[in-house]
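One structure is given here, and the rest of the page talks about it.
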Amino acid sequence: MSKMIGILTSGGDSPGLNAAIRGVGKALLGRYGMKVIGFRDGFRGMMENRTQLLDSAALSGILTLGGTILGTSRDKPYAMPVAGKLRDMTDVIVENYRRHHLDALVCLGGGGTQKNAYHLMKQGLNVITLPKTIDNDVVMTDVSFGYDTALGIATEAVDRLHSTAHSHHRILVLELMGNKAGWLALGAGIAGGADVILIPEIPYDVKQVAAAIMRRSHSGQGFSIVAMAEGAISREDAVKLAEGGKDKGSKSGAGKKKEQKQQAQERVAGRKPGNSQHLAQQLEELTGLESRLTILGYLQRGGTPSAGDRLLATRLGTACAELVNKGEFGVMVAARGDSFKPVSLKDVVGKRKTVPLDHDWIKSARSVHTCFGD
Ligand code: F6P
């Protein structure tokens with residue numbers, strides 16, 4: 001009897017997911033004679049037993065498609081919103097794995113997905129994962145698919161902002177994705193020649209940023225481009241974050257000051273939607289130059305994957321099928337140079353690949369006089 005393999009995609013979507021589904025699926029079907037079903041919308045669809053047969057017709061023509069044909073969600077098996085409450089639905093998921101007589105489950109996703117997959121592995125399921133995220137923050141892999149496409153889109157945005165910034169002698173702040181890791185802003189900032197790059201790993205001093213912009217202005221460059229990760233924070237906010245967001249100064253009683261502190265705390269907590277707007281205003285005040293904000297948002301995740309992501313996703317997908325055939329489970333298929341390496345899920349979960357402060361990309365950017373606000 002043919003072996004039966006399940007596939008799901010989970011977490012935020014990324015260009016290259018369909019290329020990976022195709023790579024895994026085609027190799028499992030054609031090379032190893034297995035059957036493949038997809039679960040819709042990540043772990044939620046697996047819990048609700050919503051499936052889709054992935055035969056060769058379903059896998060055909062999807063290589064260049066953005067998003068995921070399976071749909072995705074951020075639901076976790078052990079804390080899933082059901083009837084208005086967070087419930088542990090692990091048993092139902094395990095039951096559905098057995099119901100379909102699965103021999104393995106392939107999970108495509110970022111850090112959260114690796115954690116969820118590891119949880120299911122501990123319940124006795126044969127689990128194998130692939131690293132996907134535009135943030136490029138999954139550990140133990142050189143790179144994750146989705147990053148290259150997002151990098152291209154973000155770089156094009158920096159390029160395009162140059163001409164309008166130059167024409168109007170403005171400061172243009174570009175907010176890019178990357179809540180906890182700055183790979184995207186760093187890569188696009190270097191590739192696009194941003195004058196300032198702000199990333200979560202290096203809390204910035206707004207006065208240093210303003211000084212760098214003024215130096216440019218005095219040397220005849222009346223415009224500046226600031227590439228900022230959505231999770232980049234000021235030094236003051238970083239201190240508040242370290243203190244757990246305590247409002248130490250509320251004793252002052254000064255209403256306005258309190259309100260400002262409150263706003264700063266809100267920017268520290270969660271995804272900080274106001275940070276880039278706040279920075280653009282501060283820079284305008286400190287430099288006297290007009291400033292504008294652009295938030296690139298979901299454009300970075302949408303649309304057709306780059307050639308690099310299609311290649312990576314296909315390589316990792318087919319390698320995954322090879323490992324499934326060998327019966328090697330409890331691993332993530334990591335990219336290593338031109339090849340791949342199965343790495344233990346245990347070593348991947350609960351970690352994040354942030355930008356090391358002594359990373360070559362940072363050294364390189366500093367060498368071409370990019371300011372990091374430190
Ligand atoms: O995890 C990738 C990512 O694109 C982050 O860069 C961003 O912070 C987040 O997803 C946005 O997620 P959502 O789709 O839930 O808004």
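Quick caveat: nothing in here was measured; it's all calculated off a predicted structure. Atoms within a ligand are numbered from 1 in the order they appear, just like the ligands themselves.
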**Side chain, backbone, both or neither: the part of Leu184 lying under 4.0 Å from ligand 1 by heavy atom** = neither

**Prompt:** Just by distance, with hydrogens left out, do Ser73 and Arg44 show a side-chain donor and acceptor under 3.5 Å apart?
**Reply:** no

**Prompt:** Does ligand 1 have any atom that is closer than 4.0 Å to a heavy atom of Gln300?
**Reply:** no

**Request:** Would you mind listing which atoms of ligand 1 come within a distance below 4.0 Å of any non-hydrogen atom of Gly178?
**Result:** 6 (O)

**Item:** Ile199 vs Ile362 side-chain heavy atoms within contact, under 4.5 Å
**Value:** yes

**Backbone or side-chain N or O of Thr133 under 3.5 Å from ligand 1 N or O** = no

**Request:** Any atoms of ligand 1 less than 4.0 Å from a non-hydrogen atom of Ile134? List them with their elements.
**Result:** 4 (O)

**Request:** May I ask you to list the atoms of ligand 1 that are less than 4.0 angstrom from any heavy atom of Glu230?
**Result:** 5 (C), 6 (O), 7 (C), 8 (O)

**Prompt:** Polar-atom distance check: Asn179 versus ligand 1, any N or O pair below 3.5 Å?
**Reply:** no

**Message:** Would you say NZ of Lys76 has more than 12 non-hydrogen atoms from neighbouring residues, nucleotides or ligands within 6.0 angstrom?
**Reply:** no

**Prompt:** What atoms of ligand 1 come within less than 4.0 Å of a heavy atom belonging to Tyr298?
**Reply:** 13 (P), 14 (O), 16 (O)

**Request:** Enter the distance from Leu289:CG to Leu172:CG here, rounded to the nearest 0.5 Å.
**Result:** 11.0 Å

**Complete:** The residue among Asn126, Asp103, Leu120 that forms side chain to side chain contact (heavy atoms under 4.5 Å, CB included) with Tyr97 is Asn126

**Message:** Would you say CZ of Arg160 has more than 12 non-hydrogen atoms from neighbouring residues, nucleotides or ligands within 6.0 angstrom?
**Reply:** no

